[in-house]
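Below is one structure, written out as structure tokens, with a few remarks after it.
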2 protein chains.
Amino acid sequence: MSVEVSGGLQALAGDVFDKNCPSRGVLEHVTSRWGVLVLAALGERELRFGELHRRIGGVSQKMLAQTLRTLADDGFVERTVIPAAPPQVSYRLTETGEQVAGHVVGLVGWIEQHLPEILAAREATPAR
Amino acid sequence: MSVEVSGGLQALAGDVFDKNCPSRGVLEHVTSRWGVLVLAALGERELRFGELHRRIGGVSQKMLAQTLRTLADDGFVERTVIPAAPPQVSYRLTETGEQVAGHVVGLVGWIEQHLPEILAAREATPAR
DNA sequence: TCCGATGGTTACCTCAAGGTACGTACTTTC
DNA sequence: GAAAGTACGTACCTTGAGGTAACCATCGGA
């Protein structure tokens, strides 16, 4: 539950298997239905709200805004408002955001590439 | 939407940004609330139902069974029944399962280790 | 002059994820 | 002989995630 850190100070590491550990919450934000896709999209490049909305098929404005807000609260995404005449809002990953997104992109990429095998396995579902 | 594969044959790779791509479904199984934790737990070692139930805090028997079934259908988990007098059922990752689990474990581990920073960022939430 | 794009917020409603509780069939333990 | 563990399946019910639609303010273009 706890790890020693360089300075000799003690920092608490999370334990996702613990029902009450706050890491559970963070994990759920990151792996949420739209959270994964937002992180993956921003992993490619900085994007504006409308661009994200178009990039991520099927997401509603409401859920996109909500997801972006929780990811921003956790410090993964930075929101920048350009005060122009139709207001422009841009989203990019923070430094820690880049790191989580790295893992997420890896996972997503693996799934995309191995999709055929997985679908094959599914249809070969024995007996049921 | 499609990639060239070694043999010159064509295999379809997924695109998670496409609303109708089946990779969406697989992604949701893997990143589901309990799916992540099951994969992470089995990434350590083979486990029996009861062991999984105790390891993953807060999961109900129903959801554990359901999650294990979908992961088995996708070919990530293998179910082995040892016909004994209280029946014993063991779960382990398949080869493809090991690969997804690798990514999942990486993600989970990163979150556990960086939890303090994330929580700090959360409390420093500007303005709201 | 009216439309559409921009980036949202809010109210309202639905459906499905997920929890609780109980049943099952057999066996060991107290 | 009663309780508890093993590995679920099923029925029932609640909660909340998430969709739809309307509204807002401002500006450029047809």
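Just so we're on the same page: letters track the sequence lines, and every chain starts at 1.
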Reckon [X] has a side-chain N or O less than 4.0 Å from the OP1 or OP2 of [N]?
X	N	answer
A:Arg54	C:dA5	no
A:Arg48	C:dG8	no
B:Ser60	C:dG19	yes
A:Arg69	C:dG8	no

Of the candidate nucleotides [options], which contains the atom at the shortest distance from the side chain of [X]?
X	options	value
B:Gln88	C:dT9, C:dG7, D:dA7	D:dA7
B:Gln61	C:dT6, D:dC8, C:dT9	D:dC8
B:Met63	C:dG8, C:dG19, C:dC12	C:dG19
A:Pro87	C:dT6, D:dC12, D:dG18	C:dT6
A:Val89	D:dT6, C:dG8, C:dG19	C:dG8
B:Arg33	C:dG19, C:dT10, C:dG8	C:dG19

Could you check how far [atom1] of [X] sits from [atom2] of [N], rounded to whole Å?
X	N	atom1	atom2	answer
B:Glu28	D:dA17	CD	P	15 Å
B:Arg79	D:dA7	CZ	C1'	8 Å
A:Tyr91	C:dG7	OH	P	8 Å
B:Leu68	D:dG9	CG	C1'	14 Å
B:Leu64	D:dT6	CG	P	13 Å
B:His53	D:dC8	NE2	C1'	11 Å
B:Leu52	D:dG5	CG	P	18 Å
A:Leu47	C:dG8	CG	C1'	17 Å

Salt bridge between A:Arg45 and A:Glu51, side-chain N to carboxylate O under 4.0 Å?
->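 Result for this pair is yes, salt bridge flagged.
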Going by an N to O cut-off under 4.0 Å, is there a salt bridge joining A:Asp73 and B:Arg122?
->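 Not counted as a salt bridge, because no side-chain N and carboxylate O are separated by less than 4.0 Å.
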Cut-off 3.5 Å, side chains only: do A:Glu112 and B:Ser23 have a donor facing an acceptor?
->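 Checked: A:Glu112/B:Ser23 side chains show no N/O donor-acceptor pair below 3.5 Å.
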Lys NZ or Arg CZ of B:Arg55 over A:Phe17 ring: under 6.0 Å, within 45° =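 Yes; both conditions hold, so B:Arg55 lies above the ring face of A:Phe17.
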For A:Thr96 and A:Phe76, indicate whether the former's side chain and the latter's backbone hold a donor-acceptor pair under 3.5 Å.
->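 Not confirmed, A:Thr96 side chain does not pair with A:Phe76 backbone.
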Start at the 5' end of DNA chain D and walk down; is the nucleotide closest to B:Phe49 or to B:Lys62 reached first?
->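 Mapping each residue to its closest nucleotide by heavy atoms, the 5'-most match is B:Phe49.
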